[in-house]
S.K.: 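Dropping a structure here in structure tokens format, bear with me for questions.
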There are 2 protein chains.
Amino acid sequence: MIDHVNTQRKAPIGRPRGFDVEKALDQAMRVFWEQGYEGASLTDLTNAMGISRTSMYAAFGSKEDLFHQALQRYTDGPAAYVPRALEESTAWQVATAFLNGSVRATTSPGCPAGCLGVQGSLAAGEAGLSARDTLAAWRDNGISLLRERFQRAVDEGDLPAGTDPGLLARYLMTVANGIAVQAAGGATRDDLHMVADMALRHWPRT
Amino acid sequence: MIDHVNTQRKAPIGRPRGFDVEKALDQAMRVFWEQGYEGASLTDLTNAMGISRTSMYAAFGSKEDLFHQALQRYTDGPAAYVPRALEESTAWQVATAFLNGSVRATTSPGCPAGCLGVQGSLAAGEAGLSARDTLAAWRDNGISLLRERFQRAVDEGDLPAGTDPGLLARYLMTVANGIAVQAAGGATRDDLHMVADMALRHWPRT
DNA sequence: CCCCTTCTGTACCGAACGGTGCGGAACTGC
DNA sequence: GCAGTTCCGCACCGTTCGGTACAGAAGGGG
């Protein structure tokens, strides 16, 4: 607020940055996605980002900070199918869009197989505990978003009265997480689309 | 074959081993289960096993060999619910026993949360690629066992003609893998039992 | 022009990594 | 007792880990 004028300043004093922060963050996201938090070394990361260790620390803070920012970019990018799915007009459409989106995102050609929010740090030693907890909270947040959407669907009569929105939400997230594991193991998009269809076959209807 | 007499020899020459190989393997299995292949250091492992690095290398070969033997012990121990489920008399009972067993195994008090076959090495750097591939093959083998069992059920008329045994098998493994991820993130046994029930609600019947 | 700020490349830090050489301890067979 | 064999604890190997000190390069403000 005080320095609102600074938001318009195009050329801050000092030597300008020699790389594109968002492009570098994209590359870091890919490395974390492919190798996990612990499996991605600073050397792997900075090589992929095309910058030196010093520049990385100056721009992002630490490996853990970089991971958080890469996860945010993942949320806004490859995982953007989640908020899109929540905007569908019926609970059935939300569920379908969510699972189909997860299949697409975890088997996208040119991207690592699987989901950063799952394989980024599922089990870890001491160094990766923070990342592990961050991702567990990230997945829980996804469940909460789904639950709130399904609660609304119950309230609106879009889902049968007495339906448990929390159970539906956790069920969908569980299937999506399983899809991510299968994708990481090499399952094809067609395989997983059939699995997603099967998981939706018994969806409650009014 | 040649040394079948040796199988009866109780006291081999040389200094006897000062620890129980199977107990040590159990502890190693727990560490890999909790921290993953890359996250488990030799120090973590040998401390839990109660032996020195030298003894570990002499008895098990290398960290990777130790992991393979720990996975075998996991297969025979905590994951023994899989072959038990396959022996159930109907496909429905097989599926129910498989998912309920996976819920129990991934939320067993006194054991790490989740499944070694999933979180042992899902995404990894160069050092963990072999373990990652081993676990992917381990999961694929589980799918194959289920598929063969369901093929038999189709042949016997226990499942409707035209049912795809491979799809059922992959579907169940996907749900089980999702359950493992959720368990690793702190989901309770009750939560996951309800998820498993929901996943079985639309099971094909004759 | 010089000063100040910011960014970058190199070279390096202590710690931890997986793995091993070696001398001594503990056992069997003679 | 003495050789032969196996196991164990300690100290150590080279490498890599995440993170940083420092000096020079590249920009703006006066």
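Chain letters run A, B, ... following the sequence lines, proteins first, then strands; residues in each count from 1. Please read all numbers here as calculations on a predicted model, not as lab measurements.
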S.K.: Does D/dC8 have its OP1 or OP2 closer than 4.0 Å to a side-chain nitrogen or oxygen of B/Ser55?
M.R.: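 Checking B/Ser55 against D/dC8: at least one side-chain N or O falls below 4.0 Å of OP1 or OP2.
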S.K.: Looking at C/dC7, does its base get a donor-acceptor pair with the side chain of A/Arg15 below 3.5 Å?
M.R.: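 Checked by distance alone, the answer is yes.
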S.K.: Could you say whether A/Arg53 or B/Gly61 is positioned toward the 5' end of DNA chain C, judged by the nucleotide with the nearest heavy atom to each?
M.R.: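 Taking each residue's closest nucleotide, the earlier one in sequence belongs to A/Arg53.
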S.K.: Using whole Å, report how far CZ of A/Phe60 lies from P of C/dT8.
M.R.: 10 Å
S.K.: Heavy-atom nearest nucleotide on DNA chain C for B/Gly14 versus B/Glu64: which residue maps closer to 5'?
M.R.: B/Glu64
S.K.: Inspect the surroundings of CZ in B/Arg104 and state if more than 12 heavy atoms from other residues, nucleotides or ligands are less than 6.0 Å away.
M.R.: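 12 or below, so no.
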S.K.: Tell me the interatomic distance from B/Leu42, atom CG, to D/dA11, atom C1', rounded to whole angstroms.
M.R.: 16 Å
S.K.: Would you indicate whether A/Gln93, at its atom CD, is surrounded by more than 12 heavy atoms from other residues, nucleotides or ligands within a distance under 6.0 Å?
M.R.: yes
S.K.: Provide, to the nearest angstrom, the distance between the CD1 atom belonging to A/Ile51 and the P atom belonging to D/dA25.
M.R.: 21 Å
S.K.: In whole Å, I'd like the distance from the CE atom of A/Met56 to the C1' atom of D/dT20.
M.R.: 12 Å
S.K.: CD1 of A/Ile13 versus C1' of C/dC4: gap in Å, rounded?
M.R.: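 Spelled out: CD1 on A/Ile13 to C1' on C/dC4 is 7 Å.
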S.K.: Would you kindly give the CG-to-C1' distance between B/Leu45 and C/dG19, to the nearest whole Å?
M.R.: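 These atoms are roughly 13 Å apart.
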S.K.: Which residue, A/Lys63 or B/Arg17, contacts DNA chain D at a nucleotide closer to its 5' end, judged by nearest heavy atom?
M.R.: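 Counting from the 5' end, the first nearest nucleotide belongs to B/Arg17.
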S.K.: Between P on D/dG18 and CD on A/Glu38, what's the gap in Å once rounded to a whole number?
M.R.: 10 Å
S.K.: Report the distance from atom CD of A/Glu126 to atom P of D/dG18, rounded to the nearest whole Å.
M.R.: 15 Å
S.K.: Would you mind classifying the nucleic acid contact of B/Ser41 as base, sugar-phosphate or nothing, using non-hydrogen atoms under 4.0 angstrom?
M.R.: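 Sugar-phosphate, no base atom in range.
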S.K.: Any donor-acceptor pair, under 3.5 Å, between the side chain of A/Ser52 and the base of C/dT10, if you only look at N and O atoms?
M.R.: no
S.K.: Taking the six-membered ring of B/Phe32 as reference, does the NZ or CZ atom of B/Lys63 fall below 6.0 Å from its centre and within a 45° cone about the axis?
M.R.: no
S.K.: Quick one: the side chain of B/Thr54 and the base of D/dC7, do they pair up donor-acceptor inside 3.5 Å?
M.R.: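 Under the 3.5 Å cut-off, the side chain and the base do not form any donor-acceptor pair.
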S.K.: Quick test of your reading of the model: are B/Glu22 and B/Arg73 salt-bridged, counting only N-O distances below 4.0 Å?
M.R.: yes
S.K.: Heavy-atom distance under 4.5 Å between the side chains of B/Trp33 and B/Pro78, does that happen here?
M.R.: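 Contact flag for B/Trp33/B/Pro78 side chains = yes.
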